[in-house]
Amino acid sequence: MKKLTTIVLLLLSITSINAQTKNQRSVLYTPDKLVTRFHTIDELQELNKGALIQLYLKRTKEIFIAIPYLSLTNTAGTTLSDLGIEESSENIKVVEKNIEIARRAFEYTENTVKKLVPYSDTSDIIWSILYFEEMIKKMRLGPNGNN
């Protein structure tokens with residue numbers, strides 16, 4: 001009886017782990033990819049160009065990651081099943097492939113920003129950061145002004 005109970009518990013654990021893994025693979029984008037702080041123009045004016053470029057990149061990354069899914073959700077951590085989309089292997093592959101393609105494409109974007117944006121006027125970088133932050137706030141609010 002102990003062996004049977006152990007086997008049943010083991011199978012339930014494996015099934016639960018498999019479901020969690022599948023569910024994690026169907027997440028469109030995760031909260032760790034999001035900007036955690038927004039800035040005022042005064043705060044940005046106190047930063048050097050290198051720090052501004054890092055902020056510029058972080059904001060660009062969030063926009064880059066979230067925009068393909070904006071018509072589906074504006075909330076990080078959303079899974080396919082949360083949206084009523086079947087978590088089939090085909091749909092999960094689509095999500096995984098998009099995540100990988102976006103990661104690789106952003107590497108090129110990051111390289112471009114690091115090479116070219118330093119030639120921008122500091123005031124233009126600040127304006128861009130503020131603009132990106134407004135876009136991010138509007139994306140997070142969603143179409144009805146809330147999540």
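Owing to the predicted nature of the structure, the values given are computational and were not obtained by experimental measurement.
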* Asked: Which residue pairs pass the ring-ring contact (aromatic ring centres under 6.0 Å, His included) test with at least one member in residues 60-111, sequence neighbours excluded?
  -> Phe64-Phe106
* Could you list the residues that satisfy side chain to side chain contact (heavy atoms under 4.5 Å, CB included) with Glu134, not counting sequence neighbours? => Lys137
* Asked: How would you list, by chain and number, every residue that makes a ring pair (Phe, Tyr, Trp, His ring centres under 6.0 Å) with Tyr29, sequence neighbours excluded?
  -> none
* Which atom pair, heavy atoms only, marks the closest approach of Ile129 to Leu44? -> CG2-CD1, 3.9 Å
* Asked: Could you state the interatomic distance from CD1 (Ile63) to CG (Leu70), rounded to the nearest 0.5 Å?
  -> 10.5 Å
* Asked: What are the two closest non-hydrogen atoms of Gly77 and Val27, and how far apart are they?
  -> CA-CG1, 3.8 Å
* Asked: Which heavy atom in Ile92 sits nearest to a heavy atom in Ser26, and how many Å separate them?
  -> CG1-CB, 4.1 Å
* **Derivation and outcome, side chain to side chain contact (heavy atoms under 4.5 Å, CB included), residues Asp82 and Thr73** => CA-CA 10 Å; Asp82 294 336; Thr73 184; over 6 Å; no
* To do: Return yes when atom OH of Tyr131 has more than 12 non-hydrogen atoms of other residues, nucleotides or ligands closer than 6.0 Å, and no otherwise.
  => no
* **Residues Lys93 and Glu96 bridged, charged N to O under 4.0 Å** => no
* If you measure from CD1 on Ile85 to CG on Leu72, what distance do you get to the nearest 0.5 Å? -> 5.0 Å
* Within-4.5 Å side-chain heavy-atom neighbours: Leu57 and Lys114 -> yes
* Using the ring-ring contact (aromatic ring centres under 6.0 Å, His included) rule, collect all pairs that involve residues 81-102, keeping only residues at least two apart or in two chains. => none
Which atom pairs, donor and acceptor, lie under 3.5 Å between side-chain atoms of residues 49-56 and protein residues at least two apart or in another chain?
| unit_1 | atom_1 | unit_2 | atom_2 | d |
| --- | --- | --- | --- | --- |
| Lys49 | NZ | Pro118 | O | 2.9 |
| Lys49 | NZ | Ser120 | O | 2.7 |

* Asked: What's the spacing between Thr40 OG1 and Glu46 CD if we round to 0.5 Å?
  -> 7.5 Å
* Asked: Is the CD atom of Glu90 crowded by more than 12 outside heavy atoms at less than 6.0 Å?
  -> no
* Is it possible for you to say whether Ile99 and Ile101 belong to one hydrophobic cluster, with membership spreading through side-chain heavy-atom contacts below 4.5 Å? => no
* To do: Apply the test salt bridge (Lys or Arg N to Asp or Glu O under 4.0 Å) to residues Glu100 and Lys97: give CA-CA distance (whole Å), side-chain angles for both, the deciding distance (0.1 Å), then the verdict.
  => CA-CA 5 Å; Glu100 177 57 24; Lys97 187 172 185 173; over 6 Å; no
* To do: Check the hydrophobic clustering (I, L, V, M, F, W, Y; side-chain heavy atoms under 4.5 Å; chains of links allowed) and say if Val94 and Ile67 are grouped together.
  => no
* To do: Sort and list the pairs that fulfil salt bridge (Lys or Arg N to Asp or Glu O under 4.0 Å) and have at least one residue in residues 57-67, not counting sequence neighbours.
  => Arg59-Glu133, Glu62-Arg140
* Asked: Can you name the closest pair of heavy atoms from Leu80 and Glu86 and give their distance?
  -> CD1-O, 4.1 Å
* Atom OG1 in Thr60, atom CD in Glu110: separation rounded to 0.5 Å? -> 10.0 Å
* Keeping the roles fixed (side chain from Ser88, backbone from Asn91), state whether a donor-acceptor pair exists under 3.5 Å. => yes
* Structure fact -> Output for pair (Ile136 CD1, Leu141 CG), nearest 0.5 Å, gives 12.0 Å
